[in-house]
Amino acid sequence: MKKYIISIILLSAALPSWAQDNVAMPQLDDNLRRLVAPYQIEPPKRTVSKITLFGGSPESPQSKTLIIRPTDTPNIFSIRLNDGESQRVSLGFLGLWQDMDIESSGPQWAFRSKLKGYSQDTLWQTAPAGTQFGYSSSTKTTISERGKQNDMAQPASDENQNYIRYSCAIAREIPARTLHKNIQGTAKEIRCMNAENPNWLVSTGYYLADYHFYIPLGLLTNLPSNDKWSISEFE
């Protein structure tokens, strides 16, 4: 379960054609664009195209490289990741803060999770250190195995019952170069927990203010081991 959770948090994407310069910019559909419109801010000052993370569980550390591209919508990114087990496709809101449309496939299965609802009670992207806020999200998940589909979502009329609520705080603001020498500007350390079960999962990540990109670097659960990541490459 923990491995699945950290994979979702780092989720991203893989279409080999994305590496070609002449591929069209990824398009965001109208429903997803409407979900995040109330929380949009101006486009970022700087761009990032590649981030490599090193870490994971102490028992089996690994390296993950994210290939990042802009989309047709400000602050929405397409992110590609090949983690050695499957190839994943994700549109991310403000980096890896909230996956919006994920596709992942393996030898015997295919997975898709699409954001159906999103709300936050504070524009935390521009808020100062010390700010506390909450956000909620709801997704529709479909898993296909050898041609069989298993729709794990609530019926459309009950989607609001499928929300997960989080309680968060901006713990501090630090020079972004603290995380990696190539990162400019400042970084906000954000800690979030499941509002209904705070002892089960606590995540820690950093919002890079100049890039409008959020990177999760810590996951604390009630399982025996926990995940910690560091940024080893930033371009």
Side-chain angles (χ1 to χ4, degrees), residues 1-2 4-12 28-44 66 68 71 73-79 90-102 112-141 152-154 156 158-174 186-209 211-222 227 229:
M1 176 63 74
K2 180 169 69 67
Y4 173 81
I5 294 169
I6 196 66
S7 295
I8 292 297
I9 291 178
L10 292 172
L11 221 42
S12 56
L28 195 70
D29 72 47
D30 290 340
N31 289 332
L32 291 177
R33 189 179 289 109
R34 281 193 291 267
L35 281 181
V36 298
Y39 317 110
Q40 282 283 19
I41 55 179
E42 75 285 350
L66 310 172
I68 303 156
T71 69
T73 306
N75 303 310
I76 309 297
F77 303 90
S78 65
I79 306 160
S90 178
L91 288 173
F93 172 49
L94 294 172
L96 297 175
W97 176 259
Q98 176 68 58
D99 285 306
M100 300 176 69
D101 193 352
I102 304 165
R112 184 168 187 177
S113 179
K114 190 165 185 175
L115 191 68
K116 304 298 291 184
Y118 180 83
S119 64
Q120 61 185 55
D121 56 25
T122 299
L123 194 63
W124 57 264
Q125 296 92 319
T126 58
T131 299
Q132 297 185 356
F133 64 96
Y135 80 97
S136 302
S137 65
S138 176
T139 57
K140 178 179 180 180
T141 301
M152 299 176 64
Q154 297 283 348
D158 295 330
E159 281 177 359
N160 60 345
Q161 298 180 18
N162 203 29
Y163 267 77
I164 300 177
R165 295 175 177 84
Y166 296 90
S167 177
C168 306
I170 302 175
R172 57 177 179 157
E173 192 165 355
I174 61 174
T186 60
K188 296 179 181 181
E189 181 180 306
I190 299 177
R191 300 176 184 175
C192 293
M193 62 184 66
N194 187 312
E196 298 175 359
N197 191 357
N199 295 323
W200 184 72
L201 182 150
V202 178
S203 64
T204 301
Y206 293 85
Y207 179 65
L208 309 180
Y211 305 84
H212 294 182
F213 204 92
Y214 174 83
I215 307 175
L217 294 181
L219 181 68
L220 176 66
T221 73
N222 58 3
D227 289 302
W229 298 84

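Below, all heavy atoms of this structure are taken into account, side chains as well, without hydrogens, waters or symmetry copies.
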Quick one: side-chain hydrogen bond (donor to acceptor under 3.5 Å, both in side chains) partners of E173, sequence neighbours excluded? T186

Which residues pass the side-chain hydrogen bond (donor to acceptor under 3.5 Å, both in side chains) test with N75, sequence neighbours left out? Q40, H212

With sequence neighbours excluded, residues passing side-chain contact (heavy atoms from CB on, under 4.5 Å) with L35: L32, L115

List in chain and number order the residues that pass side-chain contact (heavy atoms from CB on, under 4.5 Å) with F213, two or more places apart in sequence or in another chain; answer none if no residue qualifies. V48, I51, I68, F77, I79, L96, Y211, I215

With sequence neighbours excluded, residues passing salt bridge (charged side-chain N to carboxylate O under 4.0 Å, His left out) with D121: none

With sequence neighbours excluded, tell me which residues meet salt bridge (charged side-chain N to carboxylate O under 4.0 Å, His left out) with R191. E189

Enter the distance from [X]:[atom1] to [Y]:[atom2] here, rounded to the nearest 0.5 Å.
X    : Y    : atom1 : atom2 : result
D101 : S90  : CG    : OG    : 8.0 Å
T126 : Y39  : OG1   : OH    : 13.5 Å
N194 : R165 : CG    : CZ    : 10.0 Å
K114 : I102 : NZ    : CD1   : 12.0 Å
Q132 : T122 : CD    : OG1   : 10.0 Å
I164 : T139 : CD1   : OG1   : 6.5 Å

Between [X] and [Y], which heavy-atom pair has the shortest distance, and what is it?
X    : Y    : result
K188 : A127 : NZ-O, 2.6 Å
A169 : F133 : N-CE2, 4.3 Å
I190 : C168 : CG2-CB, 4.4 Å
S137 : Y166 : OG-CE1, 4.3 Å
P128 : I170 : O-CD1, 3.7 Å
L94  : Y207 : CD2-OH, 3.8 Å

Side chains of [X] and [Y]: does their closest heavy-atom pair fall under 4.5 Å?
X    : Y    : value
C192 : Y135 : yes
T71  : M100 : no
L217 : Y206 : yes

If you apply the rule side chain to side chain donor-acceptor pair (under 3.5 Å), what do you find for Q120 with Q98, and how did you get there? CA-CA 11 Å; Q120 61 185 55; Q98 176 68 58; over 6 Å; no

Might you work through the side chain to side chain donor-acceptor pair (under 3.5 Å) test for Y118 and W97, ending with a clear yes or no? CA-CA 12 Å; Y118 180 83; W97 176 259; 2.9 Å; yes

